[in-house]
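Remarks on the structure that follows.
Only this structure's heavy atoms are used, side chains among them; waters, hydrogens and symmetry mates stay out. Each chain gets a letter, A, B and so on, in the order its sequence line appears, and its residues count up from 1.
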Protein chains: 2
Amino acid sequence: MEQPRDMASKLSEQGYRLTPQRLMILSAIDNSDNHISADEIYAQIVAKYPNVNISTVYRTLELLKRLGLVTETDLGEGRVRYHPAVKGHHHHLLCQGCGAIIDLDEPLLASLKNTLLREYNFLPDLRHLAILGRCLKCS
Amino acid sequence: MEQPRDMASKLSEQGYRLTPQRLMILSAIDNSDNHISADEIYAQIVAKYPNVNISTVYRTLELLKRLGLVTETDLGEGRVRYHPAVKGHHHHLLCQGCGAIIDLDEPLLASLKNTLLREYNFLPDLRHLAILGRCLKCS
DNA sequence: CTTGTATTTGCAACCAGTTTCAATAAAAAT
DNA sequence: ATTTTTATTGAAACTGGTTGCAAATACAAG
């Protein structure tokens, strides 16, 4: 379960530099149990190294996303949250009425995925999806 | 097919005021064939009435969304586009590799919708969804 | 046709995230 | 060890969108 090293080695395998900033960002992501936001990562780092810039955090997250090392979820709170890809994929149903978040099993979307692949030659990225709508009480 | 009047009357039925700003926004949305962005609506209006403010456009779009009169799609271009709800629902597959946009049939998501309703008591809002991923060439 | 009032607007400040560009630092070449 | 190349960073400006608040106005009641 040595995630930060794992992500770090994947970065360097692909020719990206292992800068102190990147390593700090990786361990912040990995040490957070739940989903972490860019702000939270930044706040954690800036406490020790005040000259690190928020745009570096965003750029690194962008890179990690592109390499498939983290996934992103928009839970409708006006900011996006990040999660290490290796810790598993999952989905959320987000009620627009009461704000409830219902976790969703991964395989539920498998059939949609297959259909899109078969009928549209399209490989959807359904890791960590948030579907908006309304729960029974609110609809 | 008298859309703006239709949306306008729904607004006033619900007790919302029919201000000139709102009427201009409604007709801008309705006159655009394709999906229109907040900027585009604003640019159209400000050309005739320079003192109208962009935040009014955003506030009105928010309201129309809440009342289900327009739907919103994020095609990954860094801004969101709007579409009158009565003009029909449709979905897009958006390739992250080449940027291709594949239109998707409405009923395809019906089975997902039913499953979520049956197994999770959740009524998803799947009008005008954009699914990110990769087309065959790019994957 | 005025008056009262709650809704709506414009403005300015703000927020999350992105971009440009010159300065810096890691790794490669000498 | 020094230089060169190239990736990365910090700073500042910018983008799309939101929010708080005082001023304005649509509409209902008199």
Looking only at side chains, do His128(B) and His35(B) share a donor and an acceptor under 3.5 Å apart?
yes
Would you say Arg22(B)'s side chain and Arg17(B)'s backbone share a donor-acceptor pair under 3.5 angstrom?
yes
Using heavy atoms to find the nearest nucleotide of DNA chain D for Leu63(A) and Gly78(B) separately, return the residue whose nucleotide is more 5′.
Leu63(A)
Could you tell me from which nucleotide to which nucleotide of DNA chain C, 5' to 3', there is an atom under 4.0 Å from chain A heavy atoms?
dA16(C) to dA26(C)
Closest non-hydrogen atoms of Val52(A) and Val46(A), given as atom of the first, atom of the second and distance, are O-CG2, 4.1 Å
Shortest non-hydrogen contact from Leu126(A) to Leu109(A)?
CD1-O, 4.0 Å
Starting from C1' on dG16(D), measure out to CG on Leu75(B) and report it in whole angstrom.
16 Å
Output the rounded distance in Å from CG (Leu23(A)) to P (dT8(D)).
12 Å
Protein-to-nucleotide contact annotation, 5' to 3' order, nucleotides 23-30 of chain D [B base; S sugar-phosphate only; - none; under 4.0 Å, heavy atom]
--BBS---
Over 12 non-hydrogen atoms of neighbours within 6.0 angstrom of NZ in Lys65(A)
yes
Side chain Arg59(B) and base dG17(D) donor-acceptor under 3.5 Å:
no
Side chains of Asp103(A) and His92(A): any donor to acceptor distance under 3.5 Å?
yes
Tyr58(B) side chain near dG17(D) phosphate (N/O to OP1/OP2, under 4.0 Å)
yes
Quick one: closest heavy-atom pair of Leu18(A) and Ala8(A), and the distance?
CD2-O, 3.5 Å
Taking side chain to side chain donor-acceptor pair (under 3.5 Å) as the test, write out the residues that go with Gln96(A), two or more places apart.
none
DNA chain D contacts among residues 40-55 of chain A, heavy-atom distance under 4.0 Å:
Asn51(A), Val52(A), Asn53(A), Ser55(A)
Please report how far the helix from dC1(C)-dG30(D) to dT30(C)-dA1(D) bends, comparing the axis fitted to its first five pairs with the axis fitted to its last five, to the nearest 10 degrees.
20°
Short side-chain to backbone donor-acceptor contact, Asp30(B) and Leu26(B), under 3.5 Å:
no
Looking only at non-hydrogen atoms, find the nearest pair between Pro124(A) and Lys113(A) and report the distance.
CG-CG, 3.8 Å
Side chain to side chain donor-acceptor pair (under 3.5 Å) partners of residues 39-50 of chain B, not counting sequence neighbours, each pair once
Glu40(B)-Arg81(B)
What pair of heavy atoms forms the shortest contact from Cys95(A) to Arg134(A), and how long is it?
SG-CA, 3.8 Å
Heavy-atom closest contact (Leu123(B) atom, Ser139(A) atom, distance):
CD2-CB, 4.1 Å
